[in-house]
Amino acid sequence: MPRCNDAVADLLQEYADLIAITGGEPFKVRVYEKAARSVGGYVQDLSALDEAGLRRIPNVGQSIAAKIEEYLRTGAIHQLEELRAKVPAGVRRLIDVPTLGPKKAMVLYEEVGVRSVEDLEAAIHAGRLQGLHGFGPKTEDNLLHGIALMHKTGARVRLDAAMEVAEAIVAALSDVPGCVRCAYAGSLRRMKDTIGDVDVLATADDSAALMAALPGLPAVAEVIAHGETKTSVRTDTGLQVDLRVVTPGSWGAALQYFTGSRAHNIRTREIAVHKKLKLSEYGLFDVVTGDSIASTDEEDVYGRLGLPWIAPTLREDAGEIEAALAGALPRLVTAGDIRGDLHTHTVLTDGLASLEEMAEAAAARGYAYYAVTDHAPGLSMQRMTDAKALEQRELVRALDGALGGMRLLHGIELNIGPDGDVDWPPGFLDGFDLCVASVHSHFGQSRAEMTARLVRACENPHVNIVGHPTARLIGRREPVDADWAEVFAACARTGTALEVNAFPDRLDLPADLIRLAAGAGVVFSIDTDAHAVPHLAHLRYGIGTAQRGWLTPEQVINTWPLDRLRRFLRKGRRTR
DNA sequence: GCCGTTTTCGGCCCGACTGTTTTCAGTCG
């Protein structure tokens, strides 16, 4: 189940959306949005807090604390219910369409009677928006494109959202009497960047108790199918969950089968056929005698096929079978290899926690080093100044080594301007231990412009890491268009690392581009881009993405010892 | 509705971009 904080954050965000749609006070909208973010990123669980505790959360005052209390006590907020009564749920979903905000959503609802995204699409095709003030032909095109983008990701959900649901269900089912083992499989175990449905596998001698338990879990809204060994449900967030139960002796074969991918499974079954064997979810069998040869664990199943165990993140039939047969599988980077996070924020710009709080949490994760990289002034809304950066540096130096020996690096997240230049001149950049540089604007440049822009950033002797290189937001913004081969060549030539941003709505670079870049000799930094303490735990998604890109620890700069990392960060600088 | 080197009221991030306008509203980051 999502944390209570997340549920409250969702409600506050919904309240903000509904105020905006109904034309409420703009300041009020921002306050509720800020409160939602603060609550979502707050370390302590809300349900453990009293009124005074709630009010200590930034941007939560008397009124919002009262609403949170009401929710914790009754499960609802009456002011929110009143707004919900005024605005159909589908109208709120309209603002999820890129380029469609609250104002236009309300016009569409009041003037044309549009009550959902589907209504909007139909209205555009029927020409019912023509003549409507503020809706010209270009707007219609943009809306249709936005809707198409939404449909493309379709019902797929973000990796972290699926993970939360899966982990809660696995935990609950593991406690069911008779359950021997339980785990999630499918695309979630392969760490794909979006998840269509959650596959859960369990073993038990008698499946009945597990079949009965799943529909009764609190997050379940609807039972789609209900049989003896398979039950499918839909959660209250609309995510489909399939539970499959096999006997304990079939665990390995079933886990292999349900982890997939389909293409990988076809390959492994072909190998079985050539060996006069049959591979199914129940085991690996001798075709002639029908005897079970292997089934209890995955290593055994792969081993009897003549293969080493293959990490789930590689199972896409993207060369892993050939590599396995040749004994050439990579030693994949793991969370345990990571010595530090090199892209993080604090309250100095748009983070939610102080430098001390972030650093303490990083030290608690056992990091040897940790870089603070707040936004540079080019992102004007963040109001960074030279003085603020220098002041923060003193704080960083004072804390350096003080938290369990963890070394602190003072970094910055620069903005790569339209022409590839960055926020500060070389003289000022010399003072930072490292510079991440990212695209935050002008996403629609042509391929030639964007390529030149990124190459120029790499050629800057102060730019160490290109942050979230494609700038995609999963389901919301397409990656920028660039000649990636040229960009990767520039990275390799100049000693510039590419980021594997672990934030679940980014996962950027994406895995396919990671493999291409690695082939060009590029090195990487797996970072969380954390804006709050809980975000530091997103590292796992960056690790999963890096593994899907076949990365080894050697190719990841933040697995390196600090002295080696520092040599890399020196790049083409004049000093240090 | 929150907050405080502007401190219990008055201000709240702000500039770029787009599409639609003919001077501006809406959206985005």
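Using a 4.0 Å heavy-atom cutoff across all strands shown, E25(A) reaches no nucleic acid atom at all.
Between F27(A) atom CZ and dG1(B) atom P there is a gap of 14 Å when expressed in whole angstrom units. The nearest whole Å value for the distance from the CZ atom in R55(A) to the P atom in dG1(B) is 13 Å. When the C1' atom of dG29(B) is taken as reference, atom CZ of R506(A) falls 10 Å away, rounded to whole Å. The interatomic distance linking Q62(A) (CD) with dT8(B) (P) rounds to 17 Å, in whole Å.
dT20(B) and dC28(B) have their P atoms separated by 15 Å, with the value rounded to a whole Å. Nucleotides dT8(B) and dC3(B) have their C1' atoms positioned 10 Å apart, rounded to a whole Å.
Of the candidates dC2(B), dG19(B), dG29(B), dG29(B) carries the atom nearest the L473(A) side chain, counting heavy atoms from C-beta on. Considering only side-chain atoms of H442(A), the nucleotide from dA16(B), dT20(B), dG1(B) that sits closest is dA16(B). The side chain of K138(A) lies closest to dT20(B) when the candidates are dT20(B), dG26(B), dG1(B).
Under the side chain to side chain donor-acceptor pair (under 3.5 Å) test applied with D374(A), the options H410(A), Q392(A), K388(A) reduce to a single match, Q392(A).
With both pairing distances under 3.5 Å, dT8(B) is matched to nothing as a Watson-Crick or G-U wobble pair.
The side chain of R30(A) places an N or O atom within less than 4.0 Å of a non-bridging phosphate oxygen (OP1 or OP2) of dC13(B).
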